[in-house]
Amino acid sequence: MNMNILEILNKRGFIENRTHQKELEDYINQGPAVCYIGFDPTASSLHVGSLVPIMALAHFQRCGNKPIALVGGGTGLIGDPSGKTEIRKLLTKKIIKENSAGLKKQLSKFIDFSNDKALLLNNEKWLTDLKYIDFLRDIGRHFSINRMIKAESYKSRLDSEDGLNFIEFNYMLLQSYDFFKLFESHNCKIQMGGSDQWGNIVAGIELIRRMHQKNSFGITFPLLITSSGKKMGKTESGTVWLDPNKTAPYQYYQFWINTDDRDIKRFMALFTFLPMEEIGIIDGCEDSQLNEAKAVLAYEATKIAHGKEEADKAFFAASGIFGEKIIPKTFFPSSGIPREIKKTSDSLPTSLIDKEKFQEGMPAFKLFCVAGLTTSGGEAKRLIKQGGAYINGNRINDSQYIATTADIENNSLLLRAGKKRYHKIIIGPNPD
RNA sequence: GGUGGGGUUCCCGAGUGGUCAAAGGGAACAGACUGUAAAUCUGUCGGCGAAGCCUUCGGAGGUUCAAAUCCUCCCCCCACCA
């Protein structure tokens with residue numbers, strides 16, 4: 001452990017706020033610390049927006065501490081109102097269960113759960129069997145309504161038209177109880193979370209103090225919005241998921257490539273493990289160098305989430321389409337990004353059309369629908385009319401254009417919508 | 001339980017019998033400009049292989065030549081009262 005985890009997190013921009021700094025540092029310096037973050041199983045996959053907490057846990061582990069990822073299988077049944085402008089739909093128990101399983105799989109890519117080096121727990125274990133009366137007597141009495149309604153997360157909702165539901169109002173108690181439980185069972189003394197979790201975290205700390213007269217700590221991350229003011233992880237084509245089946249590695253890579261200039265440095269610090277000394281170079285970069293830096297960012301981020309092989313593929317596929325990019329060895333020397341070009345386009349999204357069906361040709365707009373580049377024929381025609389549709393690099397000018405066997409190159413059609421969206425259609429019998 | 005206000009296309013939000021596929025804004029998409037960036041400008045923005053047609057304004061019925069708009073019933077949300 002050469003550098004203190006707190007220093008690392010701080011330097012890389014993870015920390016927005018923390019409770020009792022001095023005591024927290026002392027605790028960290030005493031040796032392996034235990035720390036937890038909760039993940040809501042509201043979707044079957046985590047997305048880029050959850051990456052900050054995930055990376056924080058990963059750093060935590062790399063510094064020799066023990067992270068706990070807590071899947072909110074129990075709390076997910078309720079829904080955290082923090083930062084939400086409207087009541088969240090209640091999810092069924094079955095869905096929550098499936099989602100929890102998905103989260104587990106994804107988290108394992110970032111955090112090493114082998115040999116108890118990190119723990120993955122589910123609060124369902126202790127929440128679902130709670131006795132209401134006991135809970136009220138033991139835990140509920142420690143919470144002041146007066147205090148709770150002053151918490152920002154509740155206040156905004158109380159003022160809003162939708163109001164706050166009793167079920168959600170209990171969320172703070174349950175999350176506090178989680179922390180308390182982990183404190184008791186795993187000696188976990190730190191809880192981290194997004195800045196909207198501050199109220200819940202502090203409530204947990206308070207509960208532990210009241211129950212055990214012991215200190216515990218909280219750290220919150222800054223709310224990540226891109227410099228263009230968008231919420232992290234949402235793009236034109238929807239959410240960027242960590243599940244390769246929901247967001248292909250190539251797309252994932254592209255997401256990072258499309259980072260706003262102003263965000264490159266910040267994102268590198270947060271979403272890669274590259275040393276900060278190297279990241280500092282961004283400040284002096286201009287134009288094409290910025291794009292190279294984005295490639296490094298995209299490569300590293302993809303590698304962390306999907307492995308080296310997929311990252312390589314995505315990188316080469318991108319060079320095939322957008323032009324080769326040779327990244328000098330001196331530029332981010334720690335990065336494993338390929339320094340020479342090898343052409344493939346394997347990792348492009350691909351679909352298959354039967355050769356016989358294609359014999360008579362197919363209207364171009366239909367092809368774009370089949371490829372999923374557009375969602376309706378009208379949209380595809382619009383695309384063509386606007387000059388944003390290409391087959392094998394040739395712009396299509398006629399919305400009635402029929403693609404025929406003459407358009408096939410190498411048994412395939414490379415469709416392009418707009419500047420960046422590509423899809424390959426292979427014509428022929430299924431190769432399998 | 002009572003009273004009042006609401007539910008409009010991805011989101012916000014106008015629209016109170018035809019001129020409504022529904023103003024305006026946001027988001028998004030395309031083009032131009034670029035660096036697979038940002039900003040800006042222009043265009044597009046329910047579906048259907050053109051015309052024309054079809055589906056949409058919480059749900060189900062009804063009035064009418066014509067309904068997002070009027071009537072009936074139902075569902076849901078909000079506020080105040082209890």
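So that the names make sense, note that chain A is the first sequence line, chain B the second, and so on, each numbered from 1.
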Give the intermediate values and the outcome of side-chain contact (heavy atoms from CB on, under 4.5 Å) for residues A/K125 and A/K181.
CA-CA 11 Å; A/K125 206 172 137 200; A/K181 268 296 212 199; over 6 Å; no
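- With both ends at atom P, the span from B/A67 to B/C54 equals 13 Å, rounded to whole Å.
- In this entry B/U3 has B/A79 as its Watson-Crick or G-U wobble partner, both defining distances falling under 3.5 Å.
- For A/F322 and A/T375, each mapped to the nucleotide of RNA chain B holding its nearest heavy atom, the one lying further toward the 5' end belongs to A/F322.
- Residues A/F331 and A/I281 meet the side-chain proximity criterion, which asks for heavy atoms closer than 4.5 Å.
- Between A/M268 atom CE and B/A37 atom P there is a gap of 17 Å when expressed in whole angstrom units.
- Using a 4.5 Å heavy-atom threshold, the side chains of A/I353 and A/L413 count as separate.
- Between A/A417 and A/F365, the residue whose closest nucleotide on RNA chain B is further toward the 5' end is A/A417.
- Comparing B/G35, B/A38, B/U44 against the side chain of A/L290 picks out B/G35 as the nearest.
- In this structure, A/K381 places its NZ atom 14 Å from P of B/G46, rounding to the nearest Å.
- Nucleotide B/C57 has no partner under the Watson-Crick or G-U criteria, as no pair reaches both atom distances under 3.5 Å.
- For A/R382, whose side chain is taken as the heavy atoms from C-beta onward, the closest listed nucleotide among B/G49, B/A30, B/C45 is B/C45.
- Rounded to whole Å, atom C1' of B/U36 lies 14 Å from atom CG of A/L348.
- Proximity note for A/I402 (side chain, C-beta onward) versus B/G31, B/U36, B/G49: the nearest is B/G49.
- Within the 4.0 angstrom heavy-atom criterion, no nucleotide atom of any strand lies near A/I264.
- Between A/R421 and B/A30 there is a side-chain N or O to OP1 or OP2 distance below 4.0 Å.
- Residue contacts for A/S288: at a heavy-atom cut-off of 4.0 Å it reaches no nucleic acid atom on any strand shown.
- Base pairing annotation: B/U44 forms a Watson-Crick or G-U wobble pair with B/A28, both donor-acceptor distances under 3.5 Å.
- Note on A/K385: nothing from the nucleic acid sits closer than 4.0 angstrom, heavy atoms only.
- Relative to the side chain of A/K419, the nucleotides B/G49, B/G35, B/A32 differ in distance, and B/A32 lies closest.
- Contact annotation for A/A389: no contact, since no heavy-atom pair falls under 4.0 Å across all strands.
- With respect to A/D263 and A/R266, a salt bridge is recorded, a charged nitrogen being found less than 4.0 Å from a carboxylate O.
- Closest contact between the side chain of A/Q400 and the listed nucleotides B/A37, B/A50, B/A32 involves B/A50.
- Using a 4.0 Å heavy-atom criterion, one finds that A/L383 contacts the sugar-phosphate atoms exclusively.
- In a base pair of the Watson-Crick type (N1 to N3 plus N6-O4 or O6-N4) or a G-U wobble (N1-O2 and O6-N3), with each distance short of 3.5 Å, B/U19 is matched with no nucleotide.
- If you check every strand for non-hydrogen atoms under 4.0 Å, A/R395 touches sugar and phosphate atoms only.
- With distances taken from any side-chain atom of A/R262 to the nucleotides B/G49, B/A37, B/A38, the minimum falls on B/A38.
- Relative to the side chain of A/S376, the nucleotides B/A37, B/C33, B/G47 differ in distance, and B/G47 lies closest.
- Under the 4.5 Å side-chain criterion, counting only non-hydrogen atoms from C-beta, A/L107 is in contact with A/F113.
- A/T259 comes within 4.0 angstrom of sugar-phosphate atoms only, judged by non-hydrogen atoms across all strands, and of no base.
- The pair A/D312-A/K303 does not meet the salt-bridge criterion, since no charged nitrogen lies less than 4.0 angstrom from a carboxylate oxygen.
- Across the C1' atoms, B/U55 and B/U16 are found 23 Å apart, a figure rounded to whole Å.
- At a cut-off of 3.5 Å, with distance as the only test, a side-chain donor of A/Q197 or A/Q175 sits close to an acceptor on the other residue.
- For B/A14, there is no paired nucleotide, since no Watson-Crick or G-U wobble pair has both relevant distances below 3.5 Å.
- Residue contacts shown for A/I384 are absent, as no nucleic acid heavy atom lies under 4.0 Å away.
- For B/U36, neither phosphate oxygen OP1 nor OP2 lies less than 4.0 angstrom from any side-chain nitrogen or oxygen of A/R416.
- Across all strands shown, B/A66 forms no Watson-Crick or G-U wobble pair with both key distances under 3.5 Å.
- Using Watson-Crick or G-U wobble geometry with both donor-acceptor distances under 3.5 Å, B/A39 finds no partner in any strand shown.
- Distances from the side chain of A/Q386 to the nucleotides B/G49, B/A30, B/A37 place B/A30 closest.
- Between B/C53 and B/G7, the distance separating the two C1' atoms is 30 Å to the nearest Å.
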